[in-house]
Amino acid sequence: MKYLLTVCALALAAPAHAQWTGGDGAPTSPLPCDGSTVTPEPVAYDGGTVANEGSKAGKPLRVVDIPKLIGIGYFDSSARGVAKGAEALGTVTVTTDGPTQANIDDQITLIDNYITSGVDGILFAANDPVAIAPVLRKALAAGINVVGYDSDAEPDARQWFVNPAEFNGVAKSLIDQLAEGIGPDGSFAIVTSTFTTPNQARWISEMEAYQQACYPDMTWLETVEAQEDNILSFNQATTLINKYGEDLNGIVGMTSVATPAAAEAVTQAGLCGETTVIGLATPNAMKPYVASDCVKSAVLWDTGAMGAAAVMALRAAADGTLKPGDTSFDAGDLGTLQIAHGSQILLGAPTVFTSANINDFDF
Amino acid sequence: MLKRHGHETVLAGLVVIALLVMSFQSAQFLTTGNMLNQGRLMAEVALVALAMTFVIVSGGIDLSVGSTMGLCAILTGVLWQNMGLPLGVVLAIIPIIGLICGLFNGFLIIRVGMPPLIATLGTLALYRGLAEGISQARSVRGYPEWFAGIGQGSILGLPTQIWILGVALVLAGVILGLTRWGRTVQAIGYSEPAAHFAGLPVNATKYAVYAVSGLAASLAAILFVSRVSTTRSDMGTGLELDVITAVVLGGTSIFGGRGTIIGTALGLVLVQVLKNGLSLAGVRGDGTLVLIGVVLVLTLVAGAFMENRVRR
């Protein structure tokens, strides 16, 4: 029975994805190699519409912020940004509540309960773009303003989405940083969260496309899963170092947990300077490794600004000052943010933290 | 009455108290809309918990239900989209897959002689691994409109899930409480050798119990996929814990022999009332978890205390 099932599994899986890197298989749009910018084609507003539009203009709003999960540094800092943005607005009270694990069912149930309790607005970071859509549509139909950040839902299930960094932009930053460390013909491996995490799978797909277009001689050795777990990430990175030895020139961490753990693994293996570590990471976690010169750079966006922009967009959408067809959004202290891809508010290019600037950031 | 059903009485009292307290905490709690919606949300856990009651009453346990659900969910997507089978045919195949998963658990436990905890701990990993491998961790989306009707639609004003749950509840209650087969399951749970020497079909009954558990997990998978209109290999992760919590809270003895469907139903309702009511009252998710843990421990202690006192 076991063999039968395993054989079935292999038969089903093998032909569909022969070259599997952990990407999501969706179409990619790699940026040009030379860094020239492409202006995105203007797309008509594709977000959803809220029932009783405009009825909340100028009124105080009770908003709930529902990240993928609570209790990790990344969403703690985005929640602080949300709180700060709400405080600056003065007319929004916001509570952050989320599942304790990045679980689609728990998140959906939570949102459903908040709809019943009659909140005025919902901010979310989706654990799954499609699974969360029906419950968000229900919120829109109940007259609740809905704005996403970090991880999007289907566009018509929310009004606006604050995109912290575009997938192809992150992919270009990471691969360019990697190429600087390992050269255009080096080989590297990836430590990701899980293969089911949508953002990570998307970045990996875009990285693969960009690497094939711009650094075709690089070798992609392997992608390994490490959840968002410190010890597992460290073990996986150590395993990669032992498995590939000198063939491994670089490790890319796809989560804010994996990158510092990979840096620690390289430090403990005594390979500082020989094996390049880059990846997505919060600056505080990377400071020791940048200071010891073991890591040259890490990439991330300002999570606080992302949270603040989301709550401001929700206020503006409720007031009717942010409306379909707008091409920019005035986000107070954050400046004027560009709107693209129909209904996405762009936070700008991701920040690359190096020894030159990492001490200017604290999150 | 109290001697045999002390636990259920305590539980029913708790449910009433919880309903009252929660309705004072939030005006939106005791509304028809909210109650029906809760019925929809608890359907997957409830279906599997009904089957799990039989497993635990028979003296076993099935930790693989969440993974079975994940595997069945993934196969729904893969058979339909990648293999090109009509969705109607797929919906007929999935319950068979659930049955096979359950029978394989039965095979390990009955023929190989592994303890149920170990055997299903193994298949928990095995089925989840298969789900990840088959799907390559990719989601299948874009189900037709009619399919969403199962998990998102209503019949005569009631969510589809409530009808399914109602039928399953009555069926399970009658079978466990009133039939000879139900008493066989209980006898096996009290003492397997005694049941064997009484001439009861021990092995066939145990096979059936695990098969039904797998079947329930596969039906839960269909409901869930239809409700969220996507399939992912991590679906159903941790389901086994929610299910076992409800069954044990319902007074089913983890050592087998004793347990009722009414108890499980009350356990399910109590957990759902607490989760929903506390959430509406503005208590955060982590606080709710703590309270459910406290209620679980206290109910079991109170139930045991009451039955001991009556017995003396």
Side-chain angles (χ1 to χ4, degrees), chain A residues 1-2 4-6 8-17 20 22-26 62 64 66 69-71 95-118 127-135 138 154 192 194-198 201 225, chain B residues 26-29 31 33-34 37-38 40-42 44 71 75 78-79 82-83 100-101 103-104 107 123 126-127 129-139 141-142 148 151-152 224 227-239 275-286 289:
Chain A
M1 183 78 67
K2 184 171 169 181
L4 195 72
L5 284 171
T6 316
C8 285
L10 292 176
L12 287 167
H17 323 288
W20 190 44
D24 60 3
R62 193 163 72 89
V64 59
I66 302 176
L69 74 165
I70 52 173
T95 42
T96 297
D97 192 3
T100 45
Q101 290 175 343
N103 179 318
I104 55 174
D105 197 20
D106 288 353
Q107 190 176 34
I108 291 167
T109 309
L110 204 63
I111 295 175
D112 214 322
N113 283 338
Y114 276 107
I115 295 173
T116 309
S117 80
N127 280 316
D128 184 287
V130 175
I132 202 174
V135 75
K138 185 175 159 184
E154 290 183 320
T192 186
T194 68
F195 297 136
T196 41
T197 322
E225 284 184 291
Chain B
S26 162
Q28 289 86 16
F29 176 72
T31 55
N34 186 41
N37 197 26
Q38 293 312 309
R40 194 193 283 287
L41 293 177
M42 71 191 280
E44 294 94 13
L71 180 60
L75 284 173
V78 168
L79 290 176
N82 299 18
M83 314 267 291
I100 294 175
C101 289
L103 284 174
F104 183 61
F107 171 79
T123 52
L126 172 66
Y127 297 156
L130 283 174
E132 287 232 334
I134 291 170
S135 69
Q136 299 284 281
R138 286 174 188 187
S139 308
R141 289 155 184 176
Q152 298 173 31
F224 191 60
R227 175 154 71 85
V228 301
S229 58
T230 178
T231 46
R232 294 163 49 115
S233 58
D234 60 354
M235 279 178 166
T237 311
L239 177 82
K275 276 190 183 166
N276 173 239
L278 291 172
S279 180
L280 290 185
V283 178
R284 286 171 40 136
D286 33 12
L289 281 181

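All chains are named by letter (A, B, ...) in the order of the sequence lines, taking the proteins before the strands, and each is independently numbered beginning at 1.
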Notebook entry, point to check: Checking A:Asp128 against chain B: side chain, backbone, both or neither under 4.5 Å from a heavy atom?
Noted result: both
Next item on the list: Begin with the C-alpha distance, continue with both residues' side-chain angles, and end with the deciding distance and a verdict on side-chain contact (heavy atoms from CB on, under 4.5 Å) for B:Glu132 and A:Glu225.
Entry: CA-CA 12 Å; B:Glu132 287 232 334; A:Glu225 284 184 291; 3.6 Å; yes
Next item on the list: May I ask you to decide whether A:Asp105 forms a salt bridge with B:Arg227, counting only side-chain N to carboxylate O separations under 4.0 Å?
Entry: yes
Next item on the list: Using non-hydrogen atoms and a 4.5 Å limit, figure out which bit of B:Thr237 sits close to chain A: side chain, backbone, both or neither.
Entry: backbone
Note to self: Only pairs of heavy atoms separated by less than 4.5 Å count here; which of B:Thr123, B:Thr31, B:Asn34, B:Leu289 has the most with chain A?
What the structure shows: B:Asn34
Next item on the list: Specify the closest pair of heavy atoms between B:Thr230 and A:Ala131, including all atoms of both residues, with the distance to one decimal.
Entry: CG2-CB, 3.5 Å
Next item on the list: Please flag which part of B:Leu41 lies under 4.5 Å from any non-hydrogen atom of chain A: side chain, backbone, both or neither.
Entry: side chain
Next item on the list: Under 4.5 Å heavy-atom distance to chain A, tell me which part of B:Asn37 shows up: side chain, backbone, both or neither.
Entry: side chain
Item checked: From CA spacing to verdict: side-chain contact (heavy atoms from CB on, under 4.5 Å), B:Gln28, A:Ile115 -> CA-CA 10 Å; B:Gln28 289 86 16; A:Ile115 295 173; over 6 Å; no
Notebook entry, point to check: Can you say whether A:Ile70 sits under 4.5 Å from chain B via the side chain, the backbone, both, or neither, judging by heavy atoms?
Noted result: side chain
Item checked: Spacing of CD1 belonging to A:Ile104 relative to CZ belonging to B:Phe224, to within rounding of 0.5 Å -> 4.5 Å
Note to self: Taking side-chain contact (heavy atoms from CB on, under 4.5 Å) as the criterion, tell me which of A:Leu110, A:Asp112, A:Thr109 meets it with B:Ser279.
What the structure shows: A:Leu110
